[in-house]
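Working notes, structure below.
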Amino acid sequence: IISCSQKTEFPLEITKRPIPDDYPTTTQMPNQHNGLGTLCSNEEECIIFCHNNRGRCEDYCNKNPANKICQSLFPQNNLPSCGSNYELFSNSPIAVPEISNIVPLGNLNPSGHTFPTSHLYFFTKNKQISSLMAPSDIWITGIESTEVLSENPYTDYSIRFSPCKEFYAYFHHVSNISQELKNVFVAPFNECQEYVTGGELYRRCRKNVKILVKAGNTLGMAGAKGGLDFGASDTRVAKLQYANPSRWGEGKGNPLQLY
C-alpha cells in the first residue's frame, strides 16, 4: 500500500520500433480541409456524395462559405441576397410567337424520365431553331456540355444561372451557346464523366464560371431537338417533410411564377 504523501518513482521504459516503409508520412496523410468536414474528403468524392445528399452539403456550406469545394458546388452563394423579391424574371427565354407549347412540371417520360420532371419544357413551332435569351439580369455560374456517344451522336449544352443568392435556374438541351460563352467554356473543366440513361451513353463536362449577362441578351440557340428544359430552385421555399430530410435537395419551383 502506497501512501498519498509518499513519492514513488516508477521506471519508464521506451521501446523504439522501426517505422514501416508503407506508413504514411505527414505529407501523405489525407488533408481533411480538402473536403466537406466528415461528409467527403475531396472534390470528386464530394460531387458524387452531394448529388444524393444535397441537403447535408448545403447545410455544411452555409456554415463554411469560404470552403473551396463549397464555392465550386454552390457558386451562387457569393451573390447578393434575393431578400423578399419573388419577381426575378422579366423576359421570355424564347420569343413568345416562336413557342408552340409549354409542358408543365411533373411530366413523365420513361425511361429517361421515370420520375416526374422538376422542370418545364418549352417547344418551338416546327422544331425551329430560336434564339435563347437571358430572362433577366443574371450571373451565369455554370456551363455543361452533354455529348451523346451512342448511335447518332450530337452535343447540346446546359446553362445554370442566378439573379441572386438563394435562387438559381437552368436551361437544358441548349442547341448551341454564344461565342462569348464558348470562349470561356474550355479546359480545364471542373468535372467530366460518362453515364447511361434511356439506353444511350453520354459524356458530360461541367465548368464553373461567373459571367454577368443583361436581360434579353442572347445566350445561344434552342429548339434543335424540339424542346428546351427550364427549371428553377429556391432555397427560401419551406422544406417538405420527407422520410429522409438529409436528402432534401432543393426547393423546386415553377419558373413562370417568377415573372
Side-chain angles (χ1 to χ4, degrees), residues 39-40 44-61 73-74 76 89 93-94 99-124 127 132 135 141-152 154-162 166-175 190-206 222-258:
L39 299 180
C40 48
E44 181 178 0
E45 181 181 318
C46 290
I47 288 172
I48 297 172
F49 177 84
C50 294
H51 180 75
N52 296 318
N53 299 273
R54 187 180 180 94
R56 295 174 66 183
C57 293
E58 283 190 336
D59 288 343
Y60 177 89
C61 289
L73 293 173
F74 309 109
Q76 73 276 8
F89 296 146
I94 296 176
I99 299 172
S100 63
N101 64 293
I102 299 174
V103 179
L105 298 176
N107 179 62
L108 293 173
N109 187 20
S111 63
H113 280 301
T114 304
F115 296 103
T117 57
S118 57
H119 55 74
L120 306 173
Y121 294 85
F122 278 57
F123 286 92
T124 57
K127 296 185 178 181
L132 177 64
T141 58
I143 305 172
E144 293 183 3
S145 64
T146 302
E147 300 175 72
V148 178
L149 303 178
S150 305
E151 191 175 352
N152 302 318
Y154 67 90
T155 301
D156 66 12
Y157 298 87
S158 296
I159 300 173
R160 180 168 170 143
F161 56 93
S162 296
E166 292 83 8
F167 176 88
Y168 77 83
Y170 59 85
F171 295 126
H172 290 333
H173 301 304
V174 177
S175 307
N190 292 88
E191 174 191 9
C192 275
Q193 63 175 342
E194 295 184 358
Y195 64 96
V196 176
T197 184
E200 292 191 288
L201 176 65
Y202 293 82
R203 178 191 294 123
R204 181 177 63 195
C205 292
R206 173 183 63 87
K225 292 296 179 179
L228 171 74
D229 295 359
F230 188 9
S233 174
D234 194 333
T235 59
R236 297 171 296 176
V237 175
K239 295 183 178 181
L240 301 178
Q241 297 301 310
Y242 287 110
N244 185 355
S246 67
R247 296 191 66 179
W248 164 268
E250 48 209 16
K252 299 295 185 182
N254 182 348
L256 298 183
Q257 294 179 336
L258 279 300

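Note that the coordinates shown come from a computational prediction; the quantities given were computed from them, not determined experimentally.
- Annotation: side chain of Phe161 is in contact with side chain of Phe171 (closest heavy-atom distance under 4.5 Å).
- Taking CD1 from Ile99 and CZ from Phe122, the interatomic distance works out to 5.0 Å, rounded to the nearest 0.5 Å.
- With values rounded to the nearest 0.5 angstrom, Leu105 atom CG is found 5.0 Å from Leu120 atom CG.
- In this structure the side chain of Val196 reaches within 4.5 angstrom of the side chain of Leu201, judged on heavy atoms.
- Around atom CD of Glu151, no more than 12 heavy atoms belonging to other residues, nucleotides or ligands sit under 6.0 Å away.
- Contact check for Tyr168 versus Thr141: no side-chain heavy atoms found under the 4.5 Å cut-off.
- A pairwise comparison of heavy atoms in Asn152 and Val148 identifies O-CG1, 4.3 Å as the closest pair.
- In this structure, Ser162 contributes its side chain and Phe167 its backbone to a donor-acceptor pair below 3.5 Å.
- Here the CZ atom belonging to Arg236 is positioned 6.0 Å from the CD atom belonging to Glu166, to the nearest 0.5 angstrom.
- With a 4.5 Å cut-off on side-chain heavy atoms, Tyr121 and Ile102 do not count as touching.
- With sequence neighbours excluded, the residues forming a side-chain contact (heavy atoms from CB on, under 4.5 Å) with Ser158 are Glu144, His172, listed by chain and number.
- The aromatic rings of His119 and Tyr170 sit perpendicular, their planes meeting at an angle over 60°, well past the 30° parallel limit.
- Looking at Leu228 and Leu132, their side chains come closer than 4.5 Å, going by heavy atoms from C-beta outward.
- Leu108 contributes atom CG, which lies 8.5 Å from atom OG1 of Thr114 (distance to the nearest 0.5 angstrom).
- Looking at every heavy atom in both residues, Thr124 comes nearest to Gly223 through OG1-CA, 3.9 Å.
- Scanning for side-chain contact (heavy atoms from CB on, under 4.5 Å) contacts around Asn101 gives Val103, Phe123, with sequence neighbours left out.
- How far CG of Leu149 is from OH of Tyr154: 11.0 Å, rounded to the nearest 0.5 Å.
- Remark: Asn190 CG to Arg206 CZ distance equals 5.0 Å, nearest 0.5 Å.
- SG atoms of Cys57 and Cys46 are separated by 2.5 angstrom or more, inconsistent with a disulfide link.
- In this structure a side-chain-to-backbone donor-acceptor pair under 3.5 Å is missing from Thr155 to Glu147.
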